[in-house]
Structures are given as C-alpha cells and as structure tokens.
Number of protein chains: 2
Amino acid sequence: MALEHAILVSLLEQPGSGYELAGRFERSIGRFWTATHQQIYRVLRRMESDGWVVAEEIGQDGRPDKRSFSVTGLGRRTLAEWLRAPVQPEAVRHELAVKIRGAAFTDGAGRADLLAEVTRYRAEHEALLATYLNGEKRDFPDPGALDVGQRLQHVVLRGGIAYERMLLDWLDDVLHTLRAL
Amino acid sequence: MALEHAILVSLLEQPGSGYELAGRFERSIGRFWTATHQQIYRVLRRMESDGWVVAEEIGQDGRPDKRSFSVTGLGRRTLAEWLRAPVQPEAVRHELAVKIRGAAFTDGAGRADLLAEVTRYRAEHEALLATYLNGEKRDFPDPGALDVGQRLQHVVLRGGIAYERMLLDWLDDVLHTLRAL
DNA sequence: TAGGCCATGTAATCCGTTACATGATTGC
DNA sequence: GCAATCATGTAACGGATTACATGGCCTA
C-alpha cells in the first residue's frame, strides 16, 4: 500500500524514468522497500492518470526514448497526507527463524545442512554491511556539513547498518546454539 | 511461499485447529511470520488434500466442533526438504524509513507530526520488548536445562529481543536527528 | 444486554511474482 | 558474436487483504 509513496519520495529526491526507478529500487531504496520494474511501471501509470506525477518525453539518439517523471503539487500533497498517518504494523516474514524452529524436527544431517546455510547467509549479510559502510564513507564523509535531505538519508542508512550488525551478532548466537545441540 | 512450512512447524510443536493456529500466529509465531485466519484455513485445506496434515474431528459440548490437525509423515518429509533449501532473500518493507526520507519534503508541522509518530512507534516497541523479556523469563527460566526444541525456540526469541533493542536505539537516533533539523 | 471468545468459512479485490516480448547500442 | 545495459511493456497466476457471514456460550 505504500509503493506509490516510496516512488513519490524517490522522484522528489530526483526525477527519473521507470527504468531509473527500478535501478534505484535495486540499490538505495531497495534497502527498505523492494519493487520490480513490472510493479513500478504499473503503479507509475496509475499515478500518472491520478495526476500525482507528470511525464516528460525525452528523445535520445542511440537509446530508446524515455519518459522522465516528476511529482506534481497534488502528488506532493498526497505524500504529505500519508506522512501524517500512523505507520502501519509491518508484515513480518522471517524465513530463517521458521527454519531454525523447524530444525527441532529434522535429523543430524538436516541440522548440519542448516548450519551450512546459516553460514552462507551470514557471509551474505557481512558483505551487505560492508557495502553500507562503504556507501556511508562515500556519501556522508563529513556528517557536520549535510543538508536536511542528506541528514535524513544518513539516519536511515545508519538504521540499515545497525540492523546488519545486530543480525551478524545474532547469527553467531545461532551458529553457537546449533553447534552445541 | 512458506506459510505452509510455518504451519507445519507449529503443528509439529503442538497439533491444533485452524482457530488455535490463528491464535499462535497472533502470539509467538507472529513474531517472525504473520498470517490471518482466512489465509490459515485456505492453506490448511490445501495441505490436507495434499496429505501433509490430517484432521481429527473433536466434538465439544457448549462449543462449536473443531478439527484438530496433525502433521503426517509426508508433511514431515516435505518440511525436511524445505529446510535443506537456501533461505530466500526477504522482501523488505520498512514504511518508517520511507516516511523519514519523505520528511525532507514536508514543512515544519509535518516534521513535528512525524516526530510524534516516531515517539508513539517507539513506545509500542518498548512494550513489545517488555513482553518478549517477560516471555523469556517465564518460558526459559533455566537455560541450562532445555531440550533441543526449547533451545531453538529460545535462540529465535533472543533474535526478537536483539531486534527490538537495536530498533529502540535507532529510534532514539532518529528522534535526535529530527529534533536537530 | 452487549461485547468478547470459540470456531469456521465465502467473496471480491488488490498486490506481487514469474514468464514472456521487443529492439537498439556498447563493450569484451 | 554474445552478453549486458537501456527502455518499456503484457499476461497469467497466485498470494494477501478486507469485508462479510454465522451462531452459540460466557462474563461483566
């Protein structure tokens, strides 16, 4: 129910085409809201017909034409209204936790497999933390000299970093627990 | 794609009716996998016709009859197979992060509203942490004397506790950042 | 007597995922 | 020559959400 709003925020930060938005959802915004290009094009069409965004046709040579979207006054007001509404309780879907509790009903081989999988998962998140820390160094080298938008982007990134650190610590706890069974 | 598996784990821990499962998804399992009773009944019907679970009709007086489900051998094997598969990358949906970045495009009143909302959200999660800690004291008073299933349930609960603590710290960071704008 | 709990469902709609489709350009 | 990137879509399916429906019992 909030892909529209994530798109509005992204387009306010920087206007762009559906393709460019899909790229951002793969990178920065994807840290806290995921979407595929199919979803983005569909929602963008609806947002356009509702007057939340307008497209500017940009002819390019050597490249397909693109439609660059910007947020209208109505879109801005719609976002402001949504910002005032309470945060909806989020749908939790933590597959690894289900698997860990499920490990009580497998044999030793199954548990060894889970241990290997947790190790792999941990390495993935260690790499993700490294890219976050890299991005922080690159984008916010001097935290004292940031404008409002950058300070807000930075605090969200710090949330991602805190989450990954917490996750790595907990995965170590999980590995110890599985080894000690 | 894994509600089935969450239900299998829950029914292996303790057989029960659709209604009872819905209650568990509101309480303990809902910490890492949410589902409504409508979803549960639908999936349960499919699982029954696939032979993953069997129902036992229990007539009750003064109460509607209920159908108590247990996991079959096939259900157990299906779960074991799923446990061996890699964890799917999770779909992230962090509405609050979208709102924080969106706050760059509102006025002072909008930001004051967001600050109030973050404060409310923080209180909610403080209460949630308290219930987790309470549950930990109640269900795992002596961590040295637990069977395999309990140790796994405990490590998952510790994950929830670590998450809530991390979240509260980050929300303090967010509140400071919003106040300093 | 009103509201909450036990117990199970149907129907409509919306959202998300997966697969498929097109076509030019640039770099290895 | 092949793969990746840019750029935009359609179609089918399945999962999730929301609303509605039934009905008896128990407690304040």
Side-chain angles (χ1 to χ4, degrees), chain A residues 1-7 10-11 14-27 29-30 32-50 53 55-69 82 85 88-95 98, chain B residues 1-7 10-11 15-27 29-30 32-50 53 55-69 82 88-95 98:
Chain A
M1 262 297 188
L3 175 56
E4 288 90 330
H5 304 104
I7 289 176
S10 190
L11 288 179
Q14 171 91 48
S17 69
Y19 186 84
E20 280 162 357
L21 277 171
R24 294 183 212 169
F25 274 85
E26 284 273 296
R27 288 184 296 272
I29 311 182
F32 49 89
W33 205 276
T34 47
T36 60
H37 79 273
Q38 292 90 335
Q39 274 177 278
I40 290 166
Y41 282 116
R42 188 151 30 105
V43 170
L44 226 31
R45 225 184 352 258
R46 188 170 63 226
M47 291 169 78
E48 195 185 7
S49 77
D50 288 348
V53 295
E56 189 198 352
E57 314 281 335
I58 298 180
Q60 304 181 114
D61 36 51
R63 292 274 170 82
D65 293 356
K66 67 175 174 183
R67 312 187 64 221
S68 186
F69 291 93
W82 176 76
Q88 293 296 111
E90 15 223 295
V92 183
R93 236 126 258 213
H94 198 333
E95 199 179 304
V98 179
Chain B
M1 263 301 187
L3 176 54
E4 289 88 332
H5 304 104
I7 289 176
S10 190
L11 289 178
S17 68
Y19 187 84
E20 281 162 357
L21 277 170
R24 294 183 214 168
F25 274 85
E26 283 274 296
R27 288 185 295 272
I29 310 181
F32 49 90
W33 205 276
T34 48
T36 60
H37 79 273
Q38 292 92 334
Q39 275 177 278
I40 291 167
Y41 282 115
R42 186 152 29 100
V43 170
L44 226 30
R45 227 186 349 259
R46 187 170 63 225
M47 291 169 77
E48 195 186 6
S49 78
D50 288 348
V53 295
E56 187 198 353
E57 313 280 335
I58 298 179
Q60 305 181 114
D61 36 53
R63 291 272 169 84
D65 294 355
K66 66 175 175 184
R67 314 187 64 221
S68 186
F69 291 93
W82 176 76
Q88 294 295 111
E90 15 224 294
V92 183
R93 234 124 259 210
H94 198 333
E95 199 180 305
V98 179

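Small disclaimer: the values here were computed from a predicted structure and weren't measured. Proteins come first, then strands; the chains are lettered A, B, ... in the order of their sequence lines, and each starts at number 1.
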(message) With a 4.0 Å cutoff (strictly under), does any side-chain N or O of B/T36 reach OP1 or OP2 of D/dT18?
(response) no
(message) Strictly by salt bridge (charged side-chain N to carboxylate O under 4.0 Å, His left out), give each pair with a member in residues 37-46 of chain A just once, sequence neighbours left out.
(response) A/E4-A/R46
(request) Would you mind reading off the distance between B/R45 atom CZ and D/dG14 atom C1', rounded to a whole angstrom? (result) 15 Å
(request) Of all the heavy-atom pairs spanning A/H37 and A/A22, show the shortest one and how long it is. (result) CB-CB, 3.8 Å
Can you check nucleotides 4-6 of chain D for protein contacts, nitrogen or oxygen pairs under 3.5 Å, and list what you find?
from, atom 1, to, atom 2, distance (Å)
D/dC6, OP2, A/Y19, OH, 2.9

(request) Starting from C1' on D/dT8, measure out to CG on A/L21 and report it in whole angstrom. (result) 13 Å
(message) In this structure, how many angstroms lie between the P atom of C/dG16 and the CD atom of B/E90, rounded?
(response) 17 Å
(request) Record whether the side chain of B/R42 comes under 3.5 Å of the base of D/dG14 through a donor-acceptor pair of N or O atoms. (result) no
(request) Would you please name every residue forming a side-chain contact (heavy atoms from CB on, under 4.5 Å) with A/A55, sequence neighbours left out? (result) A/E48, A/R67, A/F69
(request) For B/D65 and D/dG24, give me the distance from atom CG to atom C1', rounded to whole Å. (result) 12 Å
(message) The criterion is side-chain hydrogen bond (donor to acceptor under 3.5 Å, both in side chains); which residues satisfy it with B/E20, sequence neighbours excluded?
(response) B/K66
(request) Could you tell me which non-hydrogen atom of A/S68 sits nearest to which non-hydrogen atom of A/P15, and how far apart they are? (result) OG-C, 4.2 Å
(request) Using atom NE2 of B/H5 as one end and atom P of D/dG15 as the other, report the distance to the nearest whole Å. (result) 12 Å
(request) Kindly calculate the angle separating the two end axes of the helix from C/dT1-D/dA28 to C/dC28-D/dG1, each obtained from five base pairs, and round it to 10 degrees. (result) 40°
(message) Return whichever of A/H37 or B/R67 has its heavy-atom-nearest nucleotide of DNA chain C closer to the 5' end.
(response) B/R67
(request) Go through the structure and list residues passing side-chain hydrogen bond (donor to acceptor under 3.5 Å, both in side chains) with A/E90, not counting sequence neighbours. (result) B/Y121
(request) With the side chain of A/Q39 defined as its heavy atoms from C-beta on, choose the nearest nucleotide among D/dT10, D/dA16, C/dG16. (result) C/dG16
(message) Are B/L44 and B/L21 packed together at the side-chain level, in the sense that at least one heavy-atom pair is separated by less than 4.5 angstrom?
(response) yes
(request) For A/E4 and C/dG16, give me the distance from atom CD to atom C1', rounded to whole Å. (result) 13 Å
(request) Give a yes/no on whether any side-chain N or O of A/Y41 is located under 4.0 angstrom from OP1 or OP2 of D/dT8. (result) yes
(message) Are B/R93 and A/W33 packed together at the side-chain level, in the sense that at least one heavy-atom pair is separated by less than 4.5 angstrom?
(response) yes
(request) For A/Y19, check side-chain contact (heavy atoms from CB on, under 4.5 Å) against everything at least two apart and list the hits. (result) A/S17, A/Y41
(request) Please state how far atom CZ in A/R46 lies from atom C1' in C/dC14, giving the value in whole angstrom units. (result) 9 Å
(request) Check every atom of C/dT10, C/dG16, D/dA7 against the side chain of B/Q38 and return the nucleotide holding the closest atom. (result) C/dT10
(request) Rounded off to whole Å, could you give me the CG-to-P distance for the B/L3 and D/dG14 pair? (result) 16 Å
(message) Which residues pass the side-chain contact (heavy atoms from CB on, under 4.5 Å) test with A/Q39, not counting sequence neighbours?
(response) A/L3, A/A35, A/T36
(request) Compare the minimum distances between each of D/dA16, C/dG9, C/dC15 and the side chain of A/R93, then state the nucleotide with the smallest one. (result) D/dA16
